[in-house]
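Data first, discussion second: the structure below is written as structure tokens.
Please read these numbers as outputs of a predicted model, since none were measured by experiment. In what follows, chains carry the letters A, B, and so on, assigned in the order in which the sequence lines appear, proteins first and then strands, with residues in each chain numbered from 1.
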Amino acid sequence: MSDDFQPQSEFLRVLIERGFVHQCSDFAGLDALAKAGGLTAYIGFDCTAPSLHVGSLVQIMLLRWLQKTGGRPIALMGGGTTRVGDPSGKDESRKLISLETIEANKQGIKRIFSKFLDFGEDAPSSCACAAIMQDNSEWLGALNYIDFLREIGRHFSVNRMLAMDSVKMRLERDQELSFLEFNYMCLQAYDFVELHKRQSCVLQMGGSDQWGNIITGLDLGRRLGTGQLYALTSPLLTTASGAKMGKTAQGAVWLDAGMLPVFDYWQYWRNCEDRDVGRFLKLFTELPLEDIARLEALGGAEINEAKKVLATEATAMVHGRAAASSASEAARQTFEEGALAEDLPFVEIPRGDIEAGLGALAAFVRAGLVASTGEARRQVKGGGLRINDQTLTDERAMIGAGDLNEGSVKLSLGKKRHVLLRAV
RNA sequence: GGGGGAGUGUCCCGAGCGGCAAAGGGGGCGGACUGUAAAUCCGCUGGCUAAGCCUUCGUAGGUUCGAGUCCUACCUCCCCCA
């Protein structure tokens, strides 16, 4: 996508080297701006969930690199646009989300950003490129319909909108596209112009599925006289075997420790496919490229060392170095020594319940490892459950005080999923 | 507005003579093999106080000993005509 373009700016150089770039409206122009310094760019995040997950990590890292290379990142909360719903890349409309939910989600998402970007709250002096958080409900919420149509709407060509991939896909497949959703790109385009006006923002970044929406913003800007605006998109990430990033059977890989234990987050990266290690190290850690090249070159079982580095570095980014180290250590004890690690995910259970004798099947349900006792029974048949590393063979087995090991019982499902039942 | 078709195991797709907890895929989970990888092979993939019981086939009724299967109404979606 970047062909043989040789960036002069650190910003574009880093992005291209690390594999963040899919498309850009004008490499040379953007490069010059970035080189001059003080480049302001934004990425919008919809408030559709109470936290962000790994799927948004590329975008978050884009903003982080922007800041590290001297630019000013804006994280735009889609408090307003989430009320509409982006049809891009989706084959059916999303349900409307209530205002309260959007607001709650927004708060959760803000917390994530504070870990990746410096908003200049601690050191007001460093404010030249302090990150900014904006919420488009601020301006979208106040829009008057007719004014909007007259001032903004007249610049949009329905002919062109119909030709956009996101719209075309729905039309071709005969899938409903409501007028509400059809407006999404107009609002997003307007956001760009508004951020240019308010913050002198000249670049919008996003996933490759956002290209159409972003370009629409560029066009609108030209018509409204913002001066040249720029678009840059990142590749849509999938794992080497084609699965979407950030989704596992247990659910999304959340960036919030309350929604996904740090240990599990670490494990997510540890378990990536061999072929993905190098790519992920470049995107999701800040290790120097030379180090990554070395790790990537490891062959056979040695690649596991690279995966551990990936897991620890990626985890440290979100949850902090200390938490990453203890997750790493817990994994080492669990997988390499078969020992009981204190830092495994745990579920608290009244001591009395254990002393009174707890059905083994029920215990696995309480630990959240299986959904029902029926599933637990099936797992027993398949030899998938273990208590303190002893395979469970009797459905009627009980867990008692004697199974407590430093106050905990270790329950395992398969080789990888472990939960401590902690007596309290 | 008129005519035709479709909604199945709450992950998805998809069979289904009136006896059905319901074929088959995909996905997922577990096991074996490995390196906590990929590929491959095997098993499982409604709930429960479990050889029994309970709840599932768009919704609500009806026929029947018995309904996913037949009848009626309604809802939703798609196609053709206007």
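Of the side-chain N and O atoms in Arg378(A), none sit less than 4.0 angstrom from OP1 or OP2 of G31(B). Lys416(A) has a side-chain polar atom (N or O) that falls below the 4.0 Å cut-off from OP1 or OP2 of A37(B).
A donor-acceptor pair shorter than 3.5 Å can be found between the side chains of Gln188(A) and Gln204(A). Between the side chains of Gln59(A) and Ser234(A), at least one donor-acceptor pair of N or O atoms lies under 3.5 Å.
Spacing between A22(B) and U36(B) at atom C1', rounded to whole Å, works out to 38 Å. Going from the C1' atom of G46(B) to that of U10(B) covers 11 Å, rounded to whole Å. Here the separation of G27(B) from A39(B), taken at their P atoms, is 10 Å to the nearest Å. Taking atom P in both C17(B) and C81(B), the straight-line distance is 32 Å, to the nearest Å. Across A38(B) and A32(B), the matching P atoms stand 15 Å from one another, rounded to whole Å. Distance noted for atom P between G16(B) and C77(B): 26 Å (whole Å). Taking atom C1' in both U55(B) and U8(B), one finds a spacing of 15 Å when rounded to whole Å. One C1' atom belongs to G25(B), the other to A15(B), and the distance between them is 11 Å to the nearest Å.
Not a single donor-acceptor contact under 3.5 angstrom links the side-chain atoms of Glu375(A) to the base of U45(B). With hydrogens and angles ignored, a donor-acceptor pair closer than 3.5 Å exists between the side chain of Lys415(A) and the base of U34(B). Contact annotation: side chain of Arg275(A) to base of A38(B), donor-acceptor pair absent below 3.5 Å.
Within the nucleic acid shown, Gly414(A) comes within 4.0 Å of sugar-phosphate atoms alone, with no base atom in reach, counting heavy atoms only. Among the protein residues, Arg270(A) comes within range of the nucleic acid bases, having at least one heavy atom under 4.0 Å from a base atom. Within 4.0 Å of Thr373(A), counting heavy atoms only, lies at least one base atom of the nucleic acid. Within 4.0 Å of Lys381(A), counting heavy atoms only, lies no atom of the nucleic acid at all. Residue contacts shown for Glu302(A) are absent, as no nucleic acid heavy atom lies under 4.0 Å away. Among the protein residues, Trp269(A) comes within range of no part of the nucleic acid, since none of its heavy atoms lies under 4.0 Å from any strand.
If you check residues 361-369 of chain A against RNA chain B, you find no residue with a heavy atom closer than 4.0 Å.
G30(B) atom P lies 10 Å from atom CZ of Arg386(A), rounded to whole Å. Between the C1' atom of A39(B) and the CD atom of Glu273(A) lies a distance of 11 Å, rounded to the nearest Å. One atom, CD of Glu395(A), and another, C1' of A50(B), lie 9 Å apart when rounded to the nearest Å. Separating the CG atom of Leu385(A) from the P atom of C44(B) is a distance of 16 Å, rounded to the nearest angstrom. Between Arg396(A) atom CZ and A51(B) atom C1' the separation is 12 Å, expressed in whole Å. Here G28(B) presents its P atom at 15 Å from CG of Leu413(A), a figure rounded to the nearest Å. As a whole-Å value, the separation of Tyr268(A) OH from A37(B) P is 15 Å. To the nearest angstrom, C1' of C44(B) lies 8 Å from CD of Gln379(A).
Taking CD from Glu395(A) and CG from Leu385(A), the interatomic distance works out to 10.0 Å, rounded to the nearest 0.5 Å. Between the CG atom in Asp264(A) and the OG1 atom in Thr315(A) there is a gap of 10.5 Å [rounded to 0.5 Å].
Along RNA chain B, the nucleotide closest to Gly299(A) and the one closest to Arg377(A) are compared, and the more 5′ of them pairs with Gly299(A).
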Let me see the working for Glu103(A) and Lys106(A) under salt bridge (charged side-chain N to carboxylate O under 4.0 Å, His left out), right down to the final yes or no. CA-CA 5 Å; Glu103(A) 185 55 34; Lys106(A) 194 169 81 190; 3.1 Å; yes
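Side-chain atoms of Arg18(A) come within 3.5 Å of backbone atoms of Thr285(A) as a donor-acceptor pair (strictly under, hydrogens ignored). In this structure, the side chain of Asp219(A) does not engage the main chain of Thr216(A) through any donor-acceptor pair within 3.5 Å.
Aromatic rings of His418(A) and Phe335(A) (six-membered ring for Trp) have centroids within the 6.0 Å cut-off, being under it.
No salt bridge links Arg275(A) with Glu296(A); every basic N to acidic carboxylate O contact stays at or beyond 4.0 Å.
Closest to the side chain of Trp266(A), from the set U36(B), G47(B), A37(B), is U36(B).
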